[in-house]
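These numbers come from a predicted model, not from an experiment. Every chain is numbered from 1, with letters handed out A, B, ... down the list of sequences.
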Number of protein chains: 2
Amino acid sequence: MVDKTSGVPMHRQVATDLRGRITAGEYAPGDKLPSERAMIETYGVSRLTIREALGLLRAEGIVVTEHGRGVFVRPPTSIQRLSRSRLSRVARAEDKGAFLADAASKGFTPSSSVRVWFEPADARTSGHLRIQSGEEVTVRDRVMRADGLVVQLAISRLPRKFTCGTAIEQVDTGPGGTYARLEDAGHAIGDFVEHVGARMPTPGEASTLQLDQGIPVITVMRVAYREDGTPLEMNNMVLPANRYELSYEWPAE
Amino acid sequence: MVDKTSGVPMHRQVATDLRGRITAGEYAPGDKLPSERAMIETYGVSRLTIREALGLLRAEGIVVTEHGRGVFVRPPTSIQRLSRSRLSRVARAEDKGAFLADAASKGFTPSSSVRVWFEPADARTSGHLRIQSGEEVTVRDRVMRADGLVVQLAISRLPRKFTCGTAIEQVDTGPGGTYARLEDAGHAIGDFVEHVGARMPTPGEASTLQLDQGIPVITVMRVAYREDGTPLEMNNMVLPANRYELSYEWPAE
DNA sequence: TAGTGGTCTAGACCACCTG
DNA sequence: AGGTGGTCTAGACCACTAC
């Protein structure tokens with residue numbers, strides 16, 4: 001039962017109570033919570049109030065609702081660790097690309113869909129790639145899956161002058177992927193820079209990545225530089241935050 | 001007006017319409033949207049339906065509601081970039097610590113509150129620091145502010161055997177911060193590893209960081225290793241995702 | 001068929017902000 | 001004082017899932 005006179009909104013009281021029972025283990029991961037109509041009796045409030053409380057818990061990512069089935073404590077999802085070694089030259093030499101290399105090493109069956117096209121660089125692209133605005137860039141838009149589940153979106157842009165006549169302009173870039181083809185063409189990679197952020201997904205991303213409410217996405221913008229400092233590629237990645245963790249390591253110098 | 005027969009829930013139709021008008025620039029950042037009661041007339045639906053639509057946009061982080069004032073298009077927040085150079089030995093030698101160094105270089109007035117205590121290592125801590133479970137660790141819990149606004153939470157744990165008799169066990173660690181004191185004590189830092197993730201904030205974090213709805217937090221777990229590979233410190237940081245971006249760079253090797 | 005969550009209405013009162 | 005969002009009720013019907 002809730003206290004209608006405490007000043008604390010009733011739906012918050014309900015949410016706090018449920019959250020406490022979940023963290024205390026009364027409802028374990030995967031367990032079904034009582035139905036909304038049962039909670040109406042339990043707490044003595046209207047159904048909307050119950051639904052508002054559940055909305056808070058959903059937004060926190062600790063419960064999921066399934067239409068026709070019930071409300072469940074979200075089970076922990078296994079986290080993939082992506083470490084910067086995924087970009088090592090050794091890995092490239094042996095494999096088809098960063099994502100496929102990574103997934104295969106972890107026992108997943110990876111697959112990806114690729115679309116390739118060309119377009120003039122917009123302001124943001126030209127800034128990061130240090131080319132003229134409007135200069136033609138090669139765009140590779142990829143959707144990566146592990147065991148059929150979409151786990152990563154990535155869209156790469158490269159100045160077309162570096163990809164002309166290479167397999168980078170094909171759907172299948174061949175062994176070692178884009179970076180291997182760049183090196184074949186005489187553009188040895190010198191440095192990588194990654195900018196990492198997080199935000200809530202757009203509706204499109206949420207449906208493509210099959211994201212539940214309350215799950216943010218990690219955004220990574222990676223720029224690959226040639227040994228002379230020329231930007232070769234800008235890669236914008238979107239990862240579901242409940243399935244990924246990024247790892248970086250470096251010497252203290 | 002919405003189409004009540006299309007099968008698409010009305011609150012989604014309203015949300016899609018508003019989202020379109022916002023991205024089209026009809027409502028600019030900072031602009032006030034029409035009041036909920038005005039939208040009831042515009043769309044011909046009940047107030048709850050309007051509020052559900054606004055709830056979707058809030059969860060996406062594109063609008064904010066202010067009690068008694070209205071609903072506003074969220075203005076873009078300026079992003080702080082944290083790069084790994086913040087941990088350079090040079091910066092340590094000149095300054096009070098990573099955060100203060102960083103904030104000062106960007107024109108903010110930084111401040112921080114620190115609490116220090118000692119406790120036995122739990123399973124997770126002992127695993128990362130490679131010590132016996134229950135061994136005593138020094139805990140430094142910090143709340144960092146820039147111009148009075150809380151911008152970062154950080155909680156560090158170090159095996160106490162490395163901090164005994166150093167200023168690390170004091171609130172003020174002195175010039176260069178924790179890492180400088182470790183080096184003074186003969187523990188030269190060899191490597192850093194950071195694990196980066198994102199999630200929705202807990203209610204406590206949301207209020208401490210004054211986070212609006214729809215803003216995730218970036219989590220960083222940093223482990224500092226001595227030159228011989230011994231873990232010296234585990235630092236768990238929580239950053240508001242709308243104010244921070246992390247940058248990493250490394251040679252292609 | 002029965003139970004679940006999903007959507008929606010009409011109306012009410014409260015808390016907060018601005019004039 | 002008047003407008004705004006915040007909370008809450010009672011009731012209804014729909015869509016999905018299970019048995």
- [ ] Mind checking the CZ-CG spacing from B/R19 to B/L57? Nearest 0.5 Å is all I need.
- [x]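 Here the rounded value is 5.5 Å.
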Task: Min side-chain heavy-atom separation A/L246-B/Y248 under 4.5 Å - done: no
Task: chain B contact limits on DNA chain C, taken 5' to 3' with a cut-off of 4.0 angstrom to heavy atoms - done: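 Boundary nucleotides touching chain B, in 5' to 3' order, are C/dT7 to C/dT18.
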Taking only residues two or more places apart in sequence or in another chain, which ones pass side-chain contact (heavy atoms from CB on, under 4.5 Å) with [X]?
{"X": "B/R51", "result": "B/E36, B/R47"}
{"X": "B/T125", "result": "B/A121, B/D122, B/L129, B/V137, B/R157, B/M234"}
{"X": "A/R74", "result": "A/V64, A/D212, A/I215"}
{"X": "B/R21", "result": "B/D17, B/E26, B/Y27, B/Y43"}

Task: Sequence neighbours excluded - salt bridge (Lys or Arg N to Asp or Glu O under 4.0 Å) pairs with any residue from residues 198-209 of chain A - done: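 Output for this query lists A/R199-A/E205.
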Might you list the N or O atoms of the protein lying below 3.5 Å from N or O atoms in nucleotides 1-4 of chain D, with each pair's distance?
| from | atom 1 | to | atom 2 | distance (Å) |
| --- | --- | --- | --- | --- |
| D/dG3 | N2 | B/G68 | O | 3.1 |

Open item on the list: So that I can tick it off, tell me whether B/E52 and B/R12 are bridged by a salt bridge, with the cut-off set at under 4.0 angstrom between side-chain N and carboxylate O.
Closed with: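 Salt bridge between B/R12 and B/E52, a charged N being under 4.0 Å from a carboxylate O: no.
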- [ ] Give, ordered by number, those residues of residues 8-18 of chain B having at least one heavy-atom distance below 4.0 Å to an atom of DNA chain D; if nothing qualifies, reply none.
- [x]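 Heavy-atom cutoff 4.0 Å gives no residues at all.
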Task: Members of residues 40-58 of chain A that approach DNA chain D, where some heavy atom sits under 4.0 Å away - done: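 Nucleic-acid contacts, sorted: A/V45, A/S46, A/R47, A/L48, A/T49.
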Report the residues that fulfil side chain to side chain donor-acceptor pair (under 3.5 Å) with [X], sequence neighbours left out, ordered by chain and then residue number.
{"X": "B/E66", "value": "B/R69"}
{"X": "A/N236", "value": "none"}
{"X": "B/T208", "value": "none"}

- [ ] Apply side chain to side chain donor-acceptor pair (under 3.5 Å) to the pair A/R145 and A/S113, showing each step before the final yes or no.
- [x] CA-CA 8 Å; A/R145 296 182 185 79; A/S113 325; 2.8 Å; yes
